[in-house]
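Here's the structure we're looking at; comments come further down.
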Amino acid sequence: MSRLQLALNVNDLDASIAFYSHLFGTEPAKTRPGYANFAITTPPLKLVLIENPGSGGSVNHLGVEVADTATVEAEQERLAALGHAVIEEKDTTCCYARQDKFWVQDTPDAERWEIYTVLDDAPVVDAPAAEATCCV
(Lines give C-alpha, C1' and ligand atoms only; values in the text may rest on other atoms or scores of the structure.)
Protein backbone atom coordinates (compact mmCIF):
# COMPACT_ATOMS: atom_id res chain seq x y z
CA MET A 1 0.00 0.00 0.00
CA SER A 2 1.22 3.47 -0.84
CA ARG A 3 -0.25 6.76 0.25
CA LEU A 4 0.75 10.39 0.06
CA GLN A 5 2.00 12.13 3.16
CA LEU A 6 1.31 15.78 3.88
CA ALA A 7 3.16 17.19 6.90
CA LEU A 8 1.83 20.56 8.01
CA ASN A 9 3.18 23.10 10.47
CA VAL A 10 0.35 24.16 12.80
CA ASN A 11 0.12 26.91 15.40
CA ASP A 12 -2.22 25.06 17.80
CA LEU A 13 -2.06 21.27 17.75
CA ASP A 14 -5.27 20.67 19.71
CA ALA A 15 -7.33 22.98 17.50
CA SER A 16 -5.83 21.41 14.37
CA ILE A 17 -6.55 17.89 15.62
CA ALA A 18 -10.17 18.90 16.20
CA PHE A 19 -10.50 20.40 12.72
CA TYR A 20 -8.88 17.51 10.83
CA SER A 21 -10.83 14.96 12.90
CA HIS A 22 -14.01 16.66 11.69
CA LEU A 23 -12.77 17.06 8.12
CA PHE A 24 -11.76 13.42 7.64
CA GLY A 25 -14.19 11.82 10.12
CA THR A 26 -11.46 10.04 12.09
CA GLU A 27 -9.25 10.53 15.11
CA PRO A 28 -5.44 10.65 14.95
CA ALA A 29 -3.61 7.33 14.71
CA LYS A 30 -0.81 8.72 16.90
CA THR A 31 -0.38 11.74 19.16
CA ARG A 32 2.72 12.88 20.99
CA PRO A 33 3.67 16.26 22.47
CA GLY A 34 3.63 18.72 19.56
CA TYR A 35 2.85 15.97 17.04
CA ALA A 36 -0.10 14.04 15.62
CA ASN A 37 -0.69 11.89 12.57
CA PHE A 38 -3.79 10.60 10.86
CA ALA A 39 -3.85 7.39 8.79
CA ILE A 40 -6.74 8.31 6.51
CA THR A 41 -8.27 5.61 4.34
CA THR A 42 -10.28 7.80 1.98
CA PRO A 43 -8.50 9.52 0.40
CA PRO A 44 -5.37 7.44 1.13
CA LEU A 45 -3.37 10.01 3.08
CA LYS A 46 -0.96 10.17 5.99
CA LEU A 47 -1.63 13.62 7.45
CA VAL A 48 1.05 14.77 9.90
CA LEU A 49 0.59 17.81 12.14
CA ILE A 50 3.69 19.37 13.67
CA GLU A 51 3.14 22.10 16.22
CA ASN A 52 5.36 24.97 15.18
CA PRO A 53 3.91 28.24 16.59
CA GLY A 54 4.45 31.14 14.24
CA SER A 55 4.83 28.89 11.19
CA GLY A 56 1.31 27.51 11.09
CA GLY A 57 -0.41 27.20 7.75
CA SER A 58 2.71 26.09 5.92
CA VAL A 59 3.95 22.81 4.52
CA ASN A 60 6.64 21.13 6.61
CA HIS A 61 7.39 18.45 4.02
CA LEU A 62 5.73 16.07 1.59
CA GLY A 63 6.15 12.35 1.34
CA VAL A 64 5.08 8.98 0.06
CA GLU A 65 4.66 6.14 2.53
CA VAL A 66 5.35 2.77 0.92
CA ALA A 67 4.89 -0.80 2.08
CA ASP A 68 8.47 -1.91 2.69
CA THR A 69 12.20 -1.21 2.51
CA ALA A 70 12.51 -2.92 -0.88
CA THR A 71 10.12 -0.34 -2.34
CA VAL A 72 12.07 2.51 -0.71
CA GLU A 73 15.29 1.17 -2.24
CA ALA A 74 13.73 0.69 -5.69
CA GLU A 75 12.38 4.25 -5.73
CA GLN A 76 15.71 5.63 -4.52
CA GLU A 77 17.57 3.81 -7.31
CA ARG A 78 15.03 4.94 -9.91
CA LEU A 79 15.24 8.62 -8.97
CA ALA A 80 19.04 8.57 -8.63
CA ALA A 81 19.30 7.02 -12.11
CA LEU A 82 17.24 9.92 -13.43
CA GLY A 83 19.82 12.35 -12.01
CA HIS A 84 18.14 13.43 -8.79
CA ALA A 85 20.27 13.81 -5.68
CA VAL A 86 18.97 11.60 -2.88
CA ILE A 87 19.85 11.50 0.80
CA GLU A 88 19.47 8.04 2.30
CA GLU A 89 18.47 7.42 5.91
CA LYS A 90 18.28 3.79 6.99
CA ASP A 91 16.98 2.67 10.37
CA THR A 92 16.43 6.23 11.55
CA THR A 93 14.01 7.53 14.15
CA CYS A 94 11.92 10.48 13.04
CA CYS A 95 8.37 11.68 13.74
CA TYR A 96 7.95 9.07 16.48
CA ALA A 97 8.67 6.14 14.17
CA ARG A 98 11.66 4.02 13.19
CA GLN A 99 11.96 4.27 9.41
CA ASP A 100 13.93 3.40 6.31
CA LYS A 101 13.73 6.33 3.91
CA PHE A 102 15.38 8.78 1.60
CA TRP A 103 14.86 12.43 0.77
CA VAL A 104 14.74 14.03 -2.66
CA GLN A 105 14.27 17.72 -3.39
CA ASP A 106 12.08 19.22 -6.08
CA THR A 107 14.65 21.07 -8.21
CA PRO A 108 12.59 24.07 -9.33
CA ASP A 109 10.91 24.90 -6.00
CA ALA A 110 13.02 23.17 -3.32
CA GLU A 111 10.13 21.19 -1.80
CA ARG A 112 11.46 18.27 0.24
CA TRP A 113 9.93 14.86 -0.46
CA GLU A 114 10.41 11.89 1.85
CA ILE A 115 9.94 8.34 0.49
CA TYR A 116 9.70 6.06 3.52
CA THR A 117 8.43 2.95 5.22
CA VAL A 118 7.65 2.64 8.93
CA LEU A 119 9.56 -0.18 10.60
CA ASP A 120 8.26 0.34 14.15
CA ASP A 121 6.71 2.88 16.49
CA ALA A 122 9.03 5.04 18.60
CA PRO A 123 7.93 6.54 21.92
CA VAL A 124 10.18 9.61 21.52
CA VAL A 125 11.60 11.62 18.67
CA ASP A 126 15.37 11.39 18.14
CA ALA A 127 16.12 15.07 18.90
CA PRO A 128 19.61 15.43 17.32
CA ALA A 129 18.53 13.69 14.11
CA ALA A 130 15.26 15.59 14.12
CA GLU A 131 17.01 18.93 14.14
CA ALA A 132 19.14 17.95 11.17
CA THR A 133 16.72 16.18 8.86
CA CYS A 134 13.41 15.32 10.47
CA CYS A 135 10.05 16.91 10.69
CA VAL A 136 10.76 19.90 12.91
Side-chain angles (χ1 to χ4, degrees):
M1 184 225 16
S2 293
R3 62 179 159 202
L4 286 178
Q5 175 188 300
L6 173 60
L8 300 175
N9 292 314
V10 299
N11 288 314
D12 181 327
L13 184 64
D14 291 334
S16 295
I17 288 171
F19 173 77
Y20 288 106
S21 293
H22 293 161
L23 181 64
F24 292 110
T26 188
E27 295 298 314
K30 182 189 297 187
T31 58
R32 301 286 190 272
Y35 175 90
N37 79 43
F38 291 78
I40 300 162
T41 304
T42 305
L45 173 68
K46 172 71 75 74
L47 176 65
V48 177
L49 306 176
I50 300 165
E51 193 166 44
N52 195 353
S55 294
S58 63
V59 172
N60 184 285
H61 68 277
L62 303 163
V64 179
E65 181 180 17
V66 298
D68 52 37
T69 298
T71 305
V72 170
E73 291 169 348
E75 287 302 299
Q76 181 177 348
E77 289 173 18
R78 183 181 70 80
L79 288 167
L82 291 169
H84 297 284
V86 296
I87 300 169
E88 179 180 281
E89 292 184 31
K90 291 288 183 107
D91 197 22
T92 188
T93 301
C94 176
C95 295
Y96 300 97
R98 193 168 60 83
Q99 305 170 348
D100 280 342
K101 65 180 167 185
F102 72 93
W103 294 89
V104 63
Q105 189 166 320
D106 162 11
T107 308
D109 298 314
E111 290 294 343
R112 296 181 320 136
W113 281 84
E114 170 188 39
I115 312 301
Y116 71 100
T117 190
V118 174
L119 304 172
D120 199 3
D121 189 45
V124 297
V125 71
D126 181 2
E131 291 173 12
T133 61
C134 197
C135 311
V136 293

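Under the 4.5 Å side-chain criterion, counting only non-hydrogen atoms from C-beta, T117 is not in contact with T71. With contacts defined as side-chain heavy-atom distances shorter than 4.5 Å, the pair K90/E73 qualifies. At a threshold of 4.5 Å between non-hydrogen side-chain atoms, the residues F38 and S21 count as touching. Counting heavy atoms from C-beta on, the side chains of K101 and C94 come closer than 4.5 Å. Put simply, the side chain of H84 does not reach to within 4.5 Å of the side chain of W113, judged on heavy atoms. Counting heavy atoms from C-beta outward, L4 and V64 have side chains that approach closer than 4.5 Å. Side-chain contact between V72 and F102 is present, with at least one heavy-atom pair separated by less than 4.5 Å.
Contact between L79 and V86 at its shortest, heavy atoms only, is CB-CG1, 4.5 Å. Annotation for A39 and R3: closest pair CB-NH1, 3.6 Å, computed over non-hydrogen atoms. Among all heavy-atom pairs drawn from L49 and I17, the shortest one is CD1-N, 4.0 Å.
Residue N9 is tested with S55, S16, S58 for a side chain to side chain donor-acceptor pair (under 3.5 Å); the sole match is S58. Under the side chain to side chain donor-acceptor pair (under 3.5 Å) rule, R98 has a single partner from T92, D91, T93, which is D91. In summary, of the residues considered (E89, E65, E114), a side chain to side chain contact (heavy atoms under 4.5 Å, CB included) with Q99 occurs for E114 alone.
Here the two rings, on Y35 and Y96, have centers that are under 6.0 Å apart.
Distance check, rounded to the nearest 0.5 Å: CG of L62 to CH2 of W103 gives 9.5 Å. One distance of note links CD1 of I50 with CZ of R32; it measures 14.0 Å at 0.5 Å rounding. Rounded to the nearest 0.5 angstrom, I115 CD1 and Q5 CD are separated by 9.5 Å. For the atom pair CG (L8) and CG (N52), the distance works out to 11.5 Å, reported to the nearest 0.5 Å. Within the model, atoms OG1 of T26 and CD1 of I40 stand 7.5 Å from one another, a figure rounded to the nearest 0.5 Å. Atoms NZ and NZ, on K30 and K46 in that order, are 7.0 Å from each other to the nearest 0.5 Å.
Under the 3.5 Å distance criterion, the side-chain polar atoms of E111 are left unmatched by any main-chain donor or acceptor of D106. Remark: the backbone N or O of G54 is paired with a side-chain donor or acceptor of N11 at under 3.5 angstrom. Side chain of T31 to main chain of A36: no donor-acceptor pair is present (N/O by atom type, distance under 3.5 Å, no hydrogens or angles).
The hydrophobic clustering, which links ILVMFWY residues whose side-chain heavy atoms are closer than 4.5 Å, places L6 and V66 together. L47 and L13 end up in the same hydrophobic cluster when Ile, Leu, Val, Met, Phe, Trp and Tyr side chains are linked at under 4.5 Å. One hydrophobic cluster, built from ILVMFWY side chains closer than 4.5 Å, holds both L45 and F19.
There is a side-chain donor-acceptor pair under 3.5 Å between D100 and T69.
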